[in-house]
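Chain A is the first sequence line, chain B the second, and so forth, proteins listed ahead of strands; every chain is numbered from 1. Hydrogens, waters and symmetry mates play no part in the numbers below; they use all other heavy atoms, side chains included.
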Number of protein chains: 2
Amino acid sequence: MSQDVFEVIADGTRRRILDLLRSGERPVGELVDLLGVSQPSVSKHLKVLDRAALVRVRVDGPRRHYSVDPAALAEVEAWLAPFRELWADRLDALEHHLDGLESRDAREDARQDERAPSGQTAGDTRHTPCERAER
Amino acid sequence: MSQDVFEVIADGTRRRILDLLRSGERPVGELVDLLGVSQPSVSKHLKVLDRAALVRVRVDGPRRHYSVDPAALAEVEAWLAPFRELWADRLDALEHHLDGLESRDAREDARQDERAPSGQTAGDTRHTPCERAER
DNA sequence: CATTCATATGCACCTAGAGGAATATGAGGG
DNA sequence: CCCTCATATTCCTCTAGGTGCATATGAATG
């Protein structure tokens, strides 16, 4: 069952629904039009979102206006927060690193970074270069 | 293929791996012990995390020490940010007439009737930070 | 009441992906 | 060289879940 918030927002369609609802409540049909997926699919996504308490419904005659309830996203926020700090630290360390080291060959190292139990020394650790460390 | 960060962090085991790596780099075997899942499974999760650039590897002899790279979480952060503002707004409004309701039922209206004149259409609001298809 | 509109639900199909067992790979140490 | 340890990869199975179609529900309207 999709009751975990992380699984709920894992789906792109559901994220788009939430994005659309950010600008105000909308009836289902409007979402169907904007999303370009079938109405049953939208309804099912809304049901999942509702079970996760991410949306609310306002019944207006035959129509149901959905609005976003971002409170449940606090769980994601809470999980993310420690990484944000870590991210800041890393950026800091990276800036320090970039400060004086740019053209030095990082080959002959094998430095102190051998067994640090919880030191998390920002060792070289190469990886496929991506776009990391954006500001 | 799991390359979307949201799908990557949707898995609880992977989130636990990231949590564990927050306190410092660890070899795979340690993660296996701490997580209580099979080693192949851990390796596969690490591969997924690596493809999403959420972890880095430091090769040390036969061992591979993984560390977390929180930069890729910026996408989640970016998606989350507007909801955080919305959340604050809601909290504000809630505090205003805080009469002791806390049930989240379909009983809400008349807060801000902004209907986003030309707000976002069905346009896609995501950007892949990098798309490499190595291997 | 019957009709119609808006939405929800059931059914069937299909793909992704999580998990474990077995095996391959690769680096050091005798 | 072979052996062993640490990890990666392959193969397989199984289930969750996303999708569309058809249909049910339920409210307003005449």
Side-chain angles (χ1 to χ4, degrees), chain A residues 1-18 20-21 25-52 54-67 110 114-115 117 125-128, chain B residues 1-18 20-21 25-52 54-67 105-106 122 124 126 133-135:
Chain A
M1 283 267 198
S2 52
Q3 55 182 19
D4 180 17
V5 186
F6 290 90
E7 285 181 12
V8 172
I9 66 169
D11 187 80
T13 305
R14 282 195 286 263
R15 284 202 305 279
R16 289 176 65 202
I17 289 178
L18 291 177
L20 289 172
L21 293 184
E25 66 172 22
R26 296 183 194 268
V28 181
E30 209 172 307
L31 293 173
V32 171
D33 293 342
L34 291 170
L35 293 169
V37 295
S38 72
Q39 175 266 315
S41 190
V42 174
S43 279
K44 273 179 254 185
H45 282 304
L46 286 171
K47 188 177 186 177
V48 174
L49 290 168
D50 181 69
R51 275 215 291 255
L54 280 164
V55 294
R56 296 201 208 78
V57 201
R58 181 174 63 90
V59 181
D60 166 39
R63 275 172 230 146
R64 299 170 95 90
H65 300 265
Y66 282 85
S67 57
E114 176 61 67
R115 228 12 172 141
T125 68
R126 56 170 31 280
H127 188 300
T128 335
Chain B
M1 275 239 254
S2 54
Q3 59 180 23
D4 180 17
V5 188
F6 290 90
E7 285 181 12
V8 173
I9 67 170
D11 187 80
T13 304
R14 283 194 288 262
R15 284 202 306 278
R16 284 207 289 158
I17 290 179
L18 291 177
L20 288 172
L21 293 183
E25 66 172 22
R26 296 183 193 267
V28 181
E30 209 172 307
L31 293 173
V32 171
D33 292 342
L34 291 170
L35 292 170
V37 295
S38 73
Q39 175 266 315
S41 189
V42 173
S43 279
K44 272 180 269 186
H45 283 304
L46 285 171
K47 188 176 186 178
V48 173
L49 289 167
D50 181 69
R51 273 217 283 257
L54 280 165
V55 294
R56 296 201 207 76
V57 201
R58 180 174 63 87
V59 180
D60 166 39
R63 277 171 230 145
R64 298 170 97 86
H65 298 265
Y66 282 86
S67 57
D105 205 354
D124 160 21
R126 278 199 302 130
E134 73 138 353
R135 184 69 139 319

Test of understanding: with side chain to side chain donor-acceptor pair (under 3.5 Å), list the residues that count as partners of A:Asp60, not counting sequence neighbours.
A:His65

Could you list the residues that satisfy side chain to side chain donor-acceptor pair (under 3.5 Å) with A:Arg63, not counting sequence neighbours?
none

For B:Val28 and A:Asp60, find the nucleotide of DNA chain D closest to each by heavy atoms; which residue's nucleotide sits nearer the 5' end?
B:Val28

Looking at CZ of B:Arg64 and CG of B:Asp50, how far apart are the two atoms once the value is rounded to the nearest 0.5 Å?
9.0 Å

Taken to the nearest 0.5 Å, the spacing of B:His45 NE2 from B:Ile17 CD1 works out to 6.0 Å

With sequence neighbours excluded, residues passing side-chain contact (heavy atoms from CB on, under 4.5 Å) with B:Leu20:
B:Arg26, B:Leu31, B:Leu34, B:Leu35

Considering residues at least two apart in sequence or located in another chain, which fulfil the side-chain contact (heavy atoms from CB on, under 4.5 Å) criterion with B:Val28?
B:Val32, B:Val42, B:Ser43, B:Leu46, B:Tyr66

So if I take residues 38-46 of chain A and measure heavy-atom distances to DNA chain C, which residues fall below 4.0 Å?
A:Gln39, A:Pro40, A:Ser43, A:Lys44

Given atom [atom1] of [X] and atom [atom2] of [N], what is their separation to the nearest angstrom?
X: A:Asp50; N: C:dA8; atom1: CG; atom2: C1'; answer: 12 Å
X: B:Arg51; N: C:dA16; atom1: CZ; atom2: P; answer: 13 Å
X: B:Asp11; N: C:dG17; atom1: CG; atom2: P; answer: 11 Å
X: A:Leu35; N: C:dT7; atom1: CG; atom2: P; answer: 13 Å
X: B:Glu25; N: D:dA6; atom1: CD; atom2: P; answer: 17 Å
X: B:Ile17; N: D:dT7; atom1: CD1; atom2: P; answer: 13 Å
X: B:His65; N: D:dC5; atom1: NE2; atom2: C1'; answer: 13 Å
X: A:Phe6; N: D:dA16; atom1: CZ; atom2: P; answer: 21 Å

Would A:Val55 and A:Leu18 satisfy side-chain contact (heavy atoms from CB on, under 4.5 Å), going step by step from the backbone distance to the final call?
CA-CA 8 Å; A:Val55 294; A:Leu18 291 177; 4.0 Å; yes

Look at [X] and [N] and indicate whether a side-chain polar atom (N or O) is within less than 4.0 Å of OP1 or OP2.
X: B:Arg64; N: D:dA8; result: yes
X: A:Tyr66; N: C:dA6; result: no
X: B:Arg63; N: C:dG28; result: no

Degree of bending in the helix from C:dC1-D:dG30 to C:dG30-D:dC1 once both end axes are built from five pairs, to 10°:
10°

Please find the pair of heavy atoms, one from A:Glu25 and one from A:Ser67, that lie closest to each other, and give the distance.
CB-CB, 3.8 Å

Please examine the side chains of A:Leu49 and A:Leu21, heavy atoms only from C-beta on, and report whether any two atoms are closer than 4.5 Å.
no

